[in-house]
Amino acid sequence: PAPPLIHTVHIMEPAQTLPPSACEVREPTEQELSPTNFPPLLNDRMLRAARMEPVDRVPVWVMRQAGRYLPEYHEVGAGLDFFTRCRTPRFASAVTLQPLVRFALDAAIIFSDILVILQALGMECQMVPGKGPMFPSPITCDADIDKLSQKVDVDKELGYVFKALTVTRHRLNGHAALIGFAGAPWTLFAYAIEGSGSKTFSKPKRLLYTHPKMAHRLLGMITEVTIDYLVGQVRAGAQLLQVFDSWAGSLSESQFREFAAPYLAKIASGVKAKLGKDAVPMICFAKGAHASIHLLESSDYDVFSLDWTADPEEAQRITKHNVAFQGNMDPCAMYATDDVIRKEVARVMSQFGTLGHIANLGHGMSPDMEPRAVETFVNAVHEFSSTKPVFTLGTRGSVLALWQAHYVLDRLLAKFPSVRFRIKKITSTGDRNLQLALDKFATTGVFTDALEKALLEGEVDCVVHSLKDVPSTIHEATTLAAISTRGDVRDAVVFNRKYMPGLEDSTEDGARVVTLDTLPPNSVIGTSSARRRAVLKRKYPTFQFKDIRGNVRTRLRRLDDPANGYDAIVLAAAGLQRLNMEARIGQFLPVEEMPHAIGQAALGVQVRADVTNAHNAEMARMIRAAIHDSESALRCELERAFLREVGGGCSLPLAIYSSLAKQSDADGDVFKVDATAFVFAADGTATVSTTTSATVKTDQEAAAAGKALCQQFLADGAAAILAQLRKDKEAKEA
């Protein structure tokens, strides 16, 4: 009996290239033409990754890795047209193996074309230089479909592909896995109707609406031939299969649901049913249709290949992490320098785990790209995806929180490009309840408790916070490894659009200015901050205040909806600026009038404190090296020490205003820090403020200054106001 079509021994050798002799153009031997007794597969990373099995490193290959960007490609069959190269096994095999002689790849993909199925059906296809594939007689009606071969003998019509696969499998000698492929029914249908490539494919799409029965008839024919063709490829030696739906992105979701997804699913199930125990992993690449991936989630594909516009996290969420993923890197990054390519590899691969991931581009190589770029790409994948550990950054899932997490991630990757990092979203207490005002929660860690829990339980290795959300006292088994460079500490007012000037309000001196001072009495101001409410009540006693929760965009939508009755809302300026929404800011509030929250506009990165654990120590070291800003930290450590001594959080109307000035002495740089602390009665009628100045050099000295500030603050009368605030809060809770 013939040996199994897939013979693996699970010995994953170090990355290496094939000898130059492997891609020599020579007639195949009798043994090389026999689809039996293939050499054992020594490098099965591709198969294991596709099956969600452990690998020593992430496998890598490149779509269109064999082709016109390689100088040696043009030497094979020089003077012959494209399809002649495809139909000549010795040429096709040589071209297939060329990139594996140059690069340490984990897979070869047979040199052929997706359009050969249409040729097998009887359509003439010409590859026109500078224009691409052209069909002189495209399909326009049912009569044209009648002229196609109603029963295709794939061995007869496409046997040259099978021979090329068999020869190549032998010549690979177990070095890497061999991929076979076919075009998806919709993409082939689009070419057959349009007669060429197109930006819109308006002709085939029009037919979907006007003659859906005819469309289904042709799609069904293509599907049946494709199944037989892919089965034949496996019998000839292919060890994985990829289905290319290059034009899937031209379809709406409803069209994809009816005219693409069913046929893609039928191919996977049909191929595996016919192969039985010899079935191989299958990859589906529906370019541009990642929003419709849920329609294929339960299909028989083992791997989904993502183009560069897809969100890997969303794709993994939709598929419940039950399938492997491939690709996602923008092919145009290959035009960049080596350093940029390495950074892009790190950025993309950080979004996937080490299990079930195949490194690749989000589409194929272009003829004007350089081989040097592929070598850099492959080497970067090898370096990045070796047996090094993964470091996971925890964050909330809001748009602003994700901006903050990516701010940290980008700096980590720039500093440590060969380390694997990933982001994991976690839902906080404050995110679960968007109705309750912040000062009504029983915990000071409204936005941090769940993140801290994930950190302590080892679910993540660090958590990225907006520092103003971090309680002054954190769990003793954790520590703040870094405080980022501080942004704009001011608060900002965003006004309801009804107050914003329109075209008719424009003057030579500019549009009219809207401020809090110009709002009418009894205006409704949205804020859930006790600090902001107390300060504004003091200055604008006629204003009404209404809680508003949710992420920045949610709050802006609520502001603009007349049904909610807000005239303006107050937000941290830094958040709007980070989301590129500063155009919505109608007024900045000076810190002298609206002192900022403790830690406002800085990020804090929390890690586990046990540095005897090597993983914890390395995480803390990298975070501090990439993120920490010592000058911002001095101000924030003073503020947090002050808050810690007070024993409060965001539920109390506390505020601070701090500044830092660099000085020098014989021992190096020292800093003069000035800080003024405030507390306000809930109704804004009473306030206490205390100012301090200190010369500090270390975080510990800054913290001592903050503690001293608090002690004086309490003595100056803040203790009485704080006692009343706490008494009122307890009474409300009772």
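The first residue in the sequence is number 1, and the count goes up from there. Fair warning: this is a prediction, and the values are worked out from it, not measured in the lab.
- The two residues A94 and V25 make their nearest non-hydrogen contact at CB-CG2, 3.8 Å.
- For I222 against P185, the heavy-atom pair with the smallest separation is CG2-CA, 3.8 Å.
- Proximity of a side-chain donor or acceptor of S269 to a complementary backbone N or O of K266 within less than 3.5 Å is detected.
- By the 4.5 Å heavy-atom criterion applied to side chains, L97 and L172 are counted as neighbours.
- Under the rule for a salt bridge (Lys or Arg N to Asp or Glu O under 4.0 Å), the partners of K272 that lie at least two apart in sequence or sit in another chain are D302.
- The main-chain N or O of A177 is never found under 3.5 Å from a side-chain atom of R45 such that the two would form a donor-acceptor pair.
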Problem set entry | Test side chain to side chain donor-acceptor pair (under 3.5 Å) applied to D307 and T309, step by step | CA-CA 6 Å; D307 65 45; T309 66; 2.6 Å; yes

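- Scanning all heavy atoms of the two residues, the minimum distance from R171 to A22 falls at CD-O, 4.3 Å.
- One N or O on the side chain of Q65 and one on the backbone of A107 form a donor-acceptor pair closer than 3.5 Å.
- One N or O on the side chain of Q316 and one on the backbone of Q351 form a donor-acceptor pair closer than 3.5 Å.
- With contacts defined as side-chain heavy-atom distances shorter than 4.5 Å, the pair M127/D81 does not qualify.
- Salt bridge status for D228 with K274: present, with a side-chain N to carboxylate O gap under 4.0 Å.
- Y407 is linked by a ring pair (Phe, Tyr, Trp, His ring centres under 6.0 Å) to W403, counting only residues two or more places apart in sequence or in another chain.
- By the 4.5 Å heavy-atom criterion applied to side chains, Y160 and V116 are counted as neighbours.
- Classification of D461 and R608 as a salt-bridged pair holds, one side-chain N sitting under 4.0 Å from a carboxylate O.
- Pairing each heavy atom of L165 with each of L178, the nearest pair is O-CD2, 3.4 Å.
- Heavy atoms only, all atoms of each residue included: P133 and Y191 are closest at CG-CE2, 3.8 Å.
- Partners of H170 under the side-chain hydrogen bond (donor to acceptor under 3.5 Å, both in side chains) rule, at least two apart in sequence or in another chain, do not exist in this structure.
- To the nearest 0.5 Å, the span separating CD on E370 from CE on M365 amounts to 9.0 Å.
- E344 and R347 are joined by a salt bridge, as a carboxylate oxygen and a charged side-chain nitrogen come within less than 4.0 angstrom of each other.
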Problem set entry | Evaluation steps, salt bridge (charged side-chain N to carboxylate O under 4.0 Å, His left out), between R342 and E383 | CA-CA 10 Å; R342 282 189 283 266; E383 183 178 4; 6.0 Å; no

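- Sorted by first then second residue, the side-chain hydrogen bond (donor to acceptor under 3.5 Å, both in side chains) pairs that include residues 90-105, not counting sequence neighbours, are E27-R90, E72-R102, S93-T168.
- Residues H363 and R64 have side chains in contact (heavy-atom distance under 4.5 Å, counting atoms from C-beta outward).
- No donor-acceptor distance shorter than 3.5 angstrom exists from the side chain of N616 to the backbone of V607, with no hydrogens or angles considered.
- Between D339 and T337, the side chains place no donor N or O within less than 3.5 Å of an acceptor N or O (distance only, hydrogens not considered).
- Between F201 and W247, the ring-plane angle classifies as tilted under the 30° and 60° cut-offs.
- In terms of heavy atoms, A104 sits closest to V378 at O-CG1, 3.4 Å.
- Between F421 and F391, the ring planes lie tilted relative to each other; the angle falls in the 30° to 60° range.
- Within the structure, no pair that satisfies the ring-ring contact (aromatic ring centres under 6.0 Å, His included) test touches residues 292-330, not counting sequence neighbours.
- Sorted by first and then second residue, the ring-ring contact (aromatic ring centres under 6.0 Å, His included) pairs with a member in residues 45-83 read Y73-F111, F82-F111; sequence neighbours excluded.
- Inter-residue side-chain proximity for F384 and V348 is flagged as unmet; no heavy-atom pair is nearer than 4.5 Å.
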